[in-house]
There are 2 protein chains.
Amino acid sequence: MARQTSSRTVLPTRRVSSGEAEAVCSEHHSGSGAAVEPLELPESQRMAEFFSVLADPTRLRLISLLAGSEFCVCDLAERLGVSESAVSHQLRALRGARLVRYRKEGRQVFYQLHDHHIVDLYGTVREHLAE
Amino acid sequence: MARQTSSRTVLPTRRVSSGEAEAVCSEHHSGSGAAVEPLELPESQRMAEFFSVLADPTRLRLISLLAGSEFCVCDLAERLGVSESAVSHQLRALRGARLVRYRKEGRQVFYQLHDHHIVDLYGTVREHLAE
DNA sequence: CCAATACATGAACATAGGCTCAGGTATTTG
DNA sequence: CAAATACCTGAGCCTATGTTCATGTATTGG
């Protein structure tokens with residue numbers, strides 16, 4: 001196990017240097033004077049984009065099916081009760097986020113989860129929502 | 001222009017059970033005939049709603065700051081370079097998802113992460129994106 | 001009490017995203 | 001080849017959402 005949670009945020013060098021005048025409450029920092037830098041904007045955008053892929057019921061249900069076994073597109077569509085077009089669009093998003101992989105067999109395309117990360121996420125969120 | 005969108009068209013609730021064999025490729029199920037049911041729609045919506053809260057750069061940067069220590073609202077606003085109003089709106093979303101907690105001290109409100117779940121998620125996603 | 005600070009909230013505007021529709025590509029079949 | 005199947009994709013419609021702006025509430029200070 002040993003999930004290493006590096007308590008240090010990773011990216012420095014982001015000085016908010018806008019010409020904005022400063023507030024007063026800045027003197028009340030409860031933490032030490034150590035620079036606590038936020039996540040950089042570009043990386044926060046990449047991460048938000050990733051979470052956006054998970055922020056859709058249809059895609060989550062696709063993932064839940066693929067967690068059980070692999071399926072071809074039309075089976076996924078039928079089981080979710082949505083059009084093949086919609087499924088195909090959503091699978092494209094999942095592919096883009098490297099959440100699923102596929103293999104072709106004749107004219108069918110079988111999709112499966114890409115790796116275990118998504119299952120970990122799934123479990124953690126279920127745990128959070130169950131509380 | 002008005003198409004047949006009479007009802008909500010959001011949740012068809014099409015209960016395709018065993019009788020309705022529409023597609024042809026259904027016979028290629030790789031799994032056994034066991035019912036592989038997808039995540040139920042209501043739960044998938046709750047989960048999507050939760051991921052939606054994480055699907056925003058500003059909120060992720062707020063979380064990254066709060067992972068280091070607690071902060072009052074105007075400090076968060078200053079460090080991210082966004083308005084206090086925007087921060088307040090986003091903190092509301094984070095509160096709703098039980099991702100942050102707050103304590104009042106005078107006229108200031110100090111926010112901190114609610115529990116460890118978000119840090120786990122954060123780590124898993126960083127790992128996924130780093131590959 | 002009145003002004004200022006710190007934060008919250010509703011409305012409005014601009015953008016992003018999911019679905020349907022209408023094709024398009026690739027593979028199998030007659 | 002031509003039709004059918006399985007899947008992909010661009011365009012457009014409609015809804016959801018993040019921000020700003022203006023205002024409201026609570027606490028501190030003169």
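Just so we're clear, the structure is a prediction, and the values are computed from it rather than from any experiment. Worth knowing before you read on, the calculation uses all heavy atoms, side chains too, and leaves out hydrogens, waters and symmetry mates. So you know, we letter chains A, B, ... as the sequences are listed, proteins then strands, and number each from 1.
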Could you tell me the separation between the [atom1] atom of [X] and the [atom2] atom of [N], rounded to a whole number of Å?
| X | N | atom1 | atom2 | value |
| --- | --- | --- | --- | --- |
| B:Q45 | D:dT15 | CD | P | 16 Å |
| A:R59 | C:dG17 | CZ | P | 9 Å |
| A:L62 | C:dG18 | CG | P | 12 Å |
| B:L94 | C:dT9 | CG | P | 14 Å |
| A:Y102 | C:dA26 | OH | C1' | 13 Å |
| A:D56 | D:dT17 | CG | P | 11 Å |
| B:K104 | C:dA6 | NZ | C1' | 11 Å |
| B:E105 | D:dT27 | CD | P | 13 Å |

Can you tell me if the side-chain N/O atoms of [X] get under 4.0 Å from OP1 or OP2 in [N]?
| X | N | answer |
| --- | --- | --- |
| A:R107 | D:dC8 | no |
| B:S83 | D:dC21 | no |
| B:R92 | C:dC7 | no |
| B:Y111 | C:dA8 | yes |

query = So, do B:H89 and C:dT9 meet the stacking rule of ring centres under 5.5 Å and planes under 30°?
reply =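 It does: the two rings, one from B:H89 and one from C:dT9, meet the stacking criterion.
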
query = More than 12 heavy atoms of other residues, nucleotides or ligands under 6.0 Å from CD of A:Q112: is that the case?
reply =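 Yes, the 6.0 Å shell around CD holds more than 12 heavy atoms from other groups.
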
ask   = Got more than 12 heavy atoms from elsewhere within 6.0 Å of OH, A:Y102?
value =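 No, not enclosed.
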
ask   = Mapping A:G106 and B:R95 to their closest nucleotides on DNA chain C, which lands nearer the 5' end?
value =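 On the 5' side of the pair lies B:R95.
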
query = Counting side-chain heavy atoms from CB outward, which of C:dA8, D:dG18, C:dC19 is closest to A:A86?
reply =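 My answer, after comparing the listed nucleotides, is C:dC19.
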
ask   = Given C:dA6, C:dA22, D:dA22, which nucleotide is nearest the side-chain atoms of B:S85?
value =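 The closest nucleotide is D:dA22.
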
message = Give me the atom names and distance for the closest heavy-atom approach of B:H128 to A:F50.
response =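 Nearest heavy atoms, B:H128 then A:F50: CD2-CE1, 3.3 Å.
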
